[in-house]
Amino acid sequence: MNLRTEILGGLDAALRSVDGRRVTAGFLRARDIRRTSVAAVGKAAAAMLQGAIDALGPSMRAALLVTKHAHTPDELRVDPRCQCLEAAHPLPDEASLVAGGALLEFIGRVPPGDDLLLLVSGGASSLVEVLREGVTLDQMIALTRDGLSSARDIAALNAERGRLSRLKAGGLTAAINRAALALFLSDVPGDDPAVIGSGLLAPRRGDEIERHVVARIDDALAAAALALQAEPSEIHIAPRALDHDTETAANGLMQALQRHRICIFGGESLVRLPPTPGRGGRNQHLGLILAGRIAGRNDVAILACGTDGTDGPTSDAGALVDGGTWSRIEDAGIDPLQSLALADSGTALAAAGDLVHTGPTGTNVGDLLIAMRRLM
């Protein structure tokens, strides 16, 4: 089996371990279930809602789904209990405002005798929005765009969002004056519900929300390591090793790969974007940097991939590069160094045939990097 095939097998195992449908259903089946209303928000919200339906069956009375455009399965569209809305990511749009209002309305009309179940995954930040008085959508878009382009710390960015939004930084929590159960897929450091989805459900004194994180990047990394069937001494697992700028993350990976045959990293790297970036996302950018580091080698392959199946504003999940990637790009008449400078890594990697496509995966626990070195 070649390195690329082995790495993709590790990716498949990782994604299955944190599948939103599976982990949500598994958690809820261990609970005492009665009539329930469900609100699900995020890029992986559809899969989480499907898992809730699997577990609750006819006990689910009504549901509201808010997810990214083109992420709603037909199974939910045709369910008469489900109201399905879609909005934009990573920047909010007018549909995000509609969805935010619908979310508050849905929660407000849950009958007193129903349980309330809240399902949240990463991506919720842009998908639902209710702005504070005097704040415009353009202001929120500008803040989010600046945060993406300047690689701002997520906690600081969320705090600024909370000053513009009635939902962020615990705003949604304040609107829930009842007991509720909240399940999260975490894509943030520390797996803190106060940060996931810009803190929609951040704890507030006296709230009656029971919170549980049901999947995180650590789970995905452990599953990938198990699938790769190597000796423990050969594998280096680092759940937050990508939480740096892409150059620093690449340096850390190359140093670790000198000591270990397999490196499995998680987190979310940071890219400083030029004013008019080209095609790509942080994983493609990181993948292209690493392609330069391993150029000419025939013993290494590296995957950098978003577990949600989308890297930045693209439909590509990421990249799988090897020692020939750099030369394939150059053979196509593209300067890979210029591609990095222009944040146009996706164009270069497409020319090399090294982009990875998974489609929506039903999960979102951050980014995954798998690097493998063949023993010579």
Side-chain angles (χ1 to χ4, degrees), residues 20 39-49 64-73 76-77 82-106 119-132 135-150 152 154 157-158 160-162 164-169 171-172 185 187-188 196-200 268 271 273 275-284 306-318 343 346 357-364 366-367:
V41 184
K43 285 192 283 184
M48 296 182 78
L49 178 54
L64 172 68
L65 169 69
V66 182
T67 192
K68 185 177 177 179
H69 290 302
H71 276 50
T72 304
L76 297 179
R77 291 187 188 279
C82 298
Q83 178 186 2
C84 300
L85 301 176
E86 295 181 339
H89 183 276
L91 300 176
D93 62 0
E94 291 289 346
S96 306
L97 301 181
V98 173
L103 177 60
L104 291 179
E105 181 183 352
F106 178 85
L119 307 173
V120 179
S121 77
S125 299
S126 72
L127 296 173
V128 289
E129 189 55 84
V130 177
L131 298 171
R132 295 188 184 277
V135 176
T136 68
L137 177 60
D138 285 342
Q139 286 176 283
M140 182 60 81
I141 291 173
L143 172 61
T144 306
R145 181 180 285 117
D146 178 65
L148 293 171
S149 63
S150 63
R152 188 174 304 178
I154 186 63
L157 179 59
N158 284 351
E160 291 190 48
R161 284 170 169 160
L164 302 183
S165 171
R166 289 175 50 201
L167 293 182
K168 308 299 193 295
L172 183 58
L185 298 187
D187 65 340
V188 301
I196 300 169
S198 290
L200 289 175
E268 292 188 355
V271 181
L273 298 175
T276 55
R279 172 186 175 183
R282 59 179 176 256
N283 288 292
Q284 293 163 65
T307 57
D308 62 346
T310 56
D311 184 28
T314 76
S315 60
D316 310 303
H357 304 274
T358 62
T361 61
T363 193
N364 184 16
D367 298 337

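Sequential numbering from 1 along the given sequence is applied to the chain's residues.
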>> Please evaluate residues L64 and L85 with respect to the criterion side-chain contact (heavy atoms from CB on, under 4.5 Å), reporting the C-alpha separation (whole Å), side-chain torsions for both, the decisive distance (0.1 Å), and the verdict.
In response: CA-CA 8 Å; L64 172 68; L85 301 176; 4.1 Å; yes
> Which pair of non-hydrogen atoms, one from A45 and one from A40, has the smallest distance, and what is that distance?
Replying inline: CB-C, 3.7 Å
> If you take all heavy atoms of Q83 and A102, which pair is closest and at what distance?
Replying inline: NE2-CB, 4.3 Å
>> Can you give me the closest heavy-atom contact between G309 and T358, atom names plus distance?
In response: CA-OG1, 3.2 Å
> Taking only residues two or more places apart in sequence or in another chain, which ones pass side-chain hydrogen bond (donor to acceptor under 3.5 Å, both in side chains) with T310?
Replying inline: D308
>> Among residues at least two apart in sequence or on other chains, which ones pass side-chain contact (heavy atoms from CB on, under 4.5 Å) with T67?
In response: L65, H71, T72, E86
> Excluding sequence neighbours, so at least two apart, what forms salt bridge (Lys or Arg N to Asp or Glu O under 4.0 Å) with D311?
Replying inline: none
>> Determine whether R161 and T144 satisfy the following criterion, side-chain contact (heavy atoms from CB on, under 4.5 Å), listing intermediate values before the conclusion.
In response: CA-CA 8 Å; R161 284 170 169 160; T144 306; 3.6 Å; yes
> How many angstroms lie between atom NE2 of H89 and atom OG of S125, to the nearest 0.5 angstrom?
Replying inline: 7.0 Å
> Quick one: OG on S165 to CG on L172, what's the gap to the nearest 0.5 Å?
Replying inline: 9.5 Å
> Given the rule in the side-chain contact (heavy atoms from CB on, under 4.5 Å) test, do L104 and L167 qualify, once you have shown the distances and angles that lead to the verdict?
Replying inline: CA-CA 9 Å; L104 291 179; L167 293 182; 3.8 Å; yes
>> Taking G122's backbone N and O only, do any of them form a donor-acceptor pair with N364's side chain (distance below 3.5 Å, no angle check)?
In response: yes
> How long is the gap from CG on L185 to OG1 on T363, to the nearest 0.5 Å?
Replying inline: 5.0 Å
> For K168, which residues count as a salt bridge (Lys or Arg N to Asp or Glu O under 4.0 Å) partner, sequence neighbours excluded?
Replying inline: E129
>> Within this structure, what is the CG-CG distance for the pair L97 and L137, rounded to the nearest 0.5 Å?
In response: 5.0 Å
> With R279, which residues qualify under salt bridge (Lys or Arg N to Asp or Glu O under 4.0 Å), at least two apart?
Replying inline: D316
>> I need the minimum non-hydrogen distance between L127 and K43, along with the two atoms involved.
In response: CD1-N, 3.9 Å
>> Donor-acceptor pair, distance only, cut-off 3.5 Å: does the side chain of T307 make one with the backbone of G366?
In response: yes
> Would one find more than 12 heavy atoms of other residues, nucleotides or ligands at under 6.0 Å from atom CZ of R166?
Replying inline: no
> Closest approach of A124 and V41, non-hydrogen atoms and distance?
Replying inline: CB-CG1, 3.6 Å
> Mind checking what makes side-chain contact (heavy atoms from CB on, under 4.5 Å) contact with L164, not counting sequence neighbours?
Replying inline: V135, M140, L143
> For the residue pair L49 and C82, what are the closest heavy atoms and their distance?
Replying inline: CD2-SG, 4.2 Å
